[in-house]
Amino acid sequence: MRLFFPPFALVAAGLLPFIPERNVVSLVGDGWTVSNNALNVSVPASLPSQVHLDLFANQVIGDPYYGLNDFNLRWVAWSNWTYTSLPIAGLSSNVSSTWLLFNGLDTFTSISFCGHHVASTNNQFRQYWFDVSTITTSCDETERILSINFGSAPNIANAIASEPGQETWPSGVQQVFEFPNRCFIRKEQSDFGWDWGPAFAPAGPCIVDIYRQGQLNNLPPAQDVPWVGNASLDYFGQLPAGSILQYTLKDMQNITVASGAMSRVNQTNATVTGQTTIAARLVDLWWPNQLGNQTLYYITIDLVSASNTSLTCVTKRIGFRTIVLNESPIAQDQLAQGIAPGNNCHFEINGHEFYAKGSNFIPPDAFWPRVAVERMNQLFDSVVDGNQNMLRVWASGAYSPDFIYDLADEKGILLWSEFEFGDALYPIDPAFLDNVREEAEYNVRRVNHHPSLALWAGGNELENLELILVNQSAPDQLPRYMAEYETLFLNTLLPVVFGNSKSISYAPSSTSNGWLSLNFSNAKPMVERYYNLTPGSVYGETDFYNYEPSVLYNDSAYPIGRFSNEFGYHSMPSLQSWQSQISAKDLSFNSTTVMLRDHHPPAGLLNTSNTANASIGQAQMTEAVQLWYPIFQADLYVSEIEFYRRGSGLPNRQLGSLYWQLEDIWVAPAWAGIEYDGRWEVLHYAAKDIYEHVIIAPYYNVTTGNLSVWVTSDLWQPATGTVTFAWYDWSGKHLINTFITTILQGYNLTNAVLYMAVEAVSSLPNDNAFRTFRHENFFHPTALQVAQLVNPGLNLTYSPTTQNFTVSATSGVAAWVWLDYPAGAVLNFDSNAFWLLPNETRQVSYTLKSDTTNGGWINGVTVQSLWNQTLPL
Ligand code: BMA
């Protein structure tokens with residue numbers, strides 16, 4: 001239970017932006033106490049923090065992630081906690097005003113300063129500032145103590161839920177994980193538990209908008225017109241008459257590219273806005289990873305008085321790009337190309353359609369103060385190394401802090417961002433809507449200048465799940481809940497995005513069938529398509545899970561849409577990771593601890609006890625492994641990604657695959673490809689391989705028994721090349737060099753494997769150089785569980801000179817060769833989980849991310865394949 005999340009909290013004296021000599025006193029750091037009198041606990045604290053972290057640091061509780069502490073520590077969440085400062089030094093009594101500024105209070109607080117009540121807050125996602133001038137001047141320096149009382153979020157959520165006349169929903173609509181009633185409060189929704197995570201519930205900026213002249217949200221803009229730079233600054237108090245805005249645009253070498261006064265300066269009671277055009281030829285474009293360079297600039301906006309004094313000045317790092325989620329109807333020229341009718345649903349960067357390759361990003365920790373820049377840097381390096389260009393920053397976590405967007409800007413990772421609503425419907429009383437509007441304004445304005453920002457979506461699984469659940473449970477009430485849905489997601493959130501930014505698209509729900517009409521002359525510009533579908537047409541996104549193992553790998557079971565924003569199956573993390581968070585005696589697949597840390601499916605969905613619930617998740621993994629083989633999860637994702645990518649050349653013109661989920665929040669069974677400490681699972685390696693630009697892949701129709709092989713490229717230039725096929729038996733005996741299976745009649749197919757490879761020449765987007773793209777794949781007609789594998793005779797050596805491992809197979813086909821390394825280091829190999837033909841040798845290099853073994857990990861590297869013999873170095 002997170003009680004406290006201030007990325008930083010400031011006491012600012014004279015914070016009026018146009019007083020140059022303002023004095024800012026930071027409250028970040030030591031000198032705080034966290035206490036609960038009733039529990040007789042009072043320990044030192046340090047900001048930013050959360051109560052679990054301070055209690056753990058002072059040994060009041062054990063490691064919240066260890067064993068079953070997820071359950072044992074829930075008393076912390078049910079309690080109230082007070083953070084108290086030492087007397088705050090450095091505040092002058094002689095300034096015109098003093099403000100308290102908070103950039104994150106999680107969630108229900110009562111704030112007092114010098115013993116006076118200042119305010120109460122109720123939204124983790126908002127910025128708050130309070131004028132404490134009078135209190136400060138009448139308060140002695142020794143009494144300037146700030147005290148913040150955090151009320152128990154689950155208690156308060158329950159109290160709000162039971163208020164007379166409170167909103168209710170039909171049975172089964174609200175997805176409950178561990179603590180109920182999360183929808184009533186504006187707090188990270190997954191703090192109340194989720195199927196991949198624990199339930200701890202721990203306790204005005206300037207906006208710069210860069211867009212093409214004439215651009216409107218959600219519509220592809222012209223690319224041959226100048227850029228517009230729009231800046232809007234919030235301010236406190238009175239703005240001197242005749243103030244103007246000036247801008248300076250510099251490149252990363254600090255050379256001025258353009259500067260001047262902004263036109264159309266416009267002033268409301270709290271913001272001042274100005275605009276300028278920037279000739280397109282002056283700047284280079286920003287592109288996502290693999291599609292071009294990530295060129296960045298700095299823009300400085302100066303608010304200057306009539307007497308030419310700088311009142312305040314803000315600098316933002318920006319990029320010049322247009323990014324649009326194009327959901328417009330399929331046009332005539334697209335129909336003529338063979339694209340099925342319906343709606344588009346794809347992204348366009350700088351006017352180019354591209355294939356979005358990526359995954360879903362969940363909160364990387366239940367305790368955000370532990371999410372350090374270095375850790376995110378490593379994680380995002382893994383995203384880039386994994387050939388991904390987009391992450392969906394899933395709703396129901398937290399809005400990402402600026403440093404995460406900064407890293408994404410630098411590495412070219414597009415962030416499909418979402419408002420924090422998911423798998424539930426929400427109240428629409430005026431106070432709730434006002435609170436949401438403030439939260440959305442703050443976050444939209446805060447992150448808009450980042451070129452990595454790809455989209456704002458209202459929330460997770462609303463149109464494709466929540467409204468459908470209402471229809472199933474209480475069809476007569478669908479109009480009412482649909483109207484409420486529109487109030488929040490179309491009438492409240494959409495105007496915040498469109499009112500602040502022209503550069504970014506908005507979709508009320510991911511997943512959805514997109515919009516039916518978009519007309520900016522209407523008071524409500526967007527009308528959703530909902531379920532208004534014509535057979536034979538293809539519309540929006542797909543979201544696909546099926547936990548019945550017998551239907552896995554069946555192409556005909558996968559959904560046909562324009563973009564896949566979620567799909568997956570859960571699996572176990574590595575033994576090395578388990579060892580870091582549970583005891584040796586609990587290290588078995590069905591131990592109570594392991595079962596109880598498997599939160600899938602959510603207890604609240606099943607109305608069963610946690611133990612019964614946990615065994616279902618374990619059972620699903622067991623059945624799938626028994627039917628297929630131990631690493632079926634990664635192979636299943638490969639099969640789905642191949643399927644979605646092939647759709648880019650089929651009538652459904654499918655242009656995106658974002659699997660569930662990029663990374664783990666702790667150590668537990670979940671869908672992740674990267675573990676809590678950064679270690680790659682088989683899934684991340686397999687996804688890296690199948691997200692290569694040019695891939696070759698088999699498609700097997702289980703019903704007809706027909707096999708076809710397709711090559712798919714996401715390059716923008718044509719690729720030409722050759723494809724090679726060869727059938728082998730598992731001992732490596734070469735059967736025939738052809739793809740035609742009928743020639744194999746007479747062979748035992750449980751004993752046959754088809755090798756296929758493509759070698760093609762083309763060039764990368766925004767790069768004229770020709771390169772060769774290679775990819776190989778294997779097809780086995782029967783599940784590997786029943787295939788007659790033979791010992792492939794693996795060999796593993798390491799060369800300190802080249803720092804490469806060499807792996808070879810000597811006596812058979814090696815399926816899913818896996819290099820493993822001991823705990824204490826985090827690294828990734830440049831390839832892993834690959835196949836080897838007999839007498840094939842592969843050099844494997846690695847990128848070391850952290851190491852506490854002083855290089856000793858190298859001696860602990862092992863190799864194995866599905867044949868199942870683990871060999872030491
Ligand atoms: C979808 C996601 C998450 C969930 C995942 C796995 O529903 O949006 O809510 O964690 O599937 O079940």
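Atoms within each ligand, like the ligands themselves, are counted from 1 in listed order.
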The side chain to side chain donor-acceptor pair (under 3.5 Å) partner of Asn565 among Glu541, Glu461, Arg392 is Glu541
When the ring centroid of Phe421 is compared with that of Trp394, is the distance short of 6.0 Å?
no
Checking Arg446, Arg186, Arg126 against Glu439 for salt bridge (charged side-chain N to carboxylate O under 4.0 Å, His left out), the one that qualifies is Arg186
Indicate whether any N or O donor in one side chain lies under 3.5 Å from an N or O acceptor in the other, for Ser574 and Glu675.
yes
Considering only protein heavy atoms, which is closest to atom 6 (C) of ligand 1, and at what distance to one decimal place?
Asp195 OD2, 3.3 Å
What protein heavy atom sits nearest atom 11 (O) of ligand 1, and how far away is it?
Tyr545 OH, 3.1 Å
Asn460 heavy atoms, cut-off 4.0 Å: which ligand 1 atoms fall inside?
8 (O), 9 (O)
Given Leu325, Val447, Val496, the one that forms side chain to side chain contact (heavy atoms under 4.5 Å, CB included) with Trp456
Val447
In terms of atom number and element, which parts of ligand 1 are under 4.0 angstrom from non-hydrogen atoms of Asp423?
9 (O)
Can you tell me the protein heavy atom closest to atom 1 (C) of ligand 1 and the distance?
Glu566 OE1, 2.8 Å
Of the protein's non-hydrogen atoms, which lies at the shortest distance from atom 9 (O) of ligand 1, and what is that distance?
Trp194 NE1, 2.8 Å
Check each heavy atom of Gln175 against ligand 1 and say whether those closer than 4.0 Å belong to the side chain, the backbone, both or neither.
neither
Sorted by chain and number, sequence neighbours left out, side chain to side chain donor-acceptor pair (under 3.5 Å) with Tyr545 holds for Glu566
In ligand 1, the atoms that come under 4.0 Å of a heavy atom of Trp196 are 10 (O)
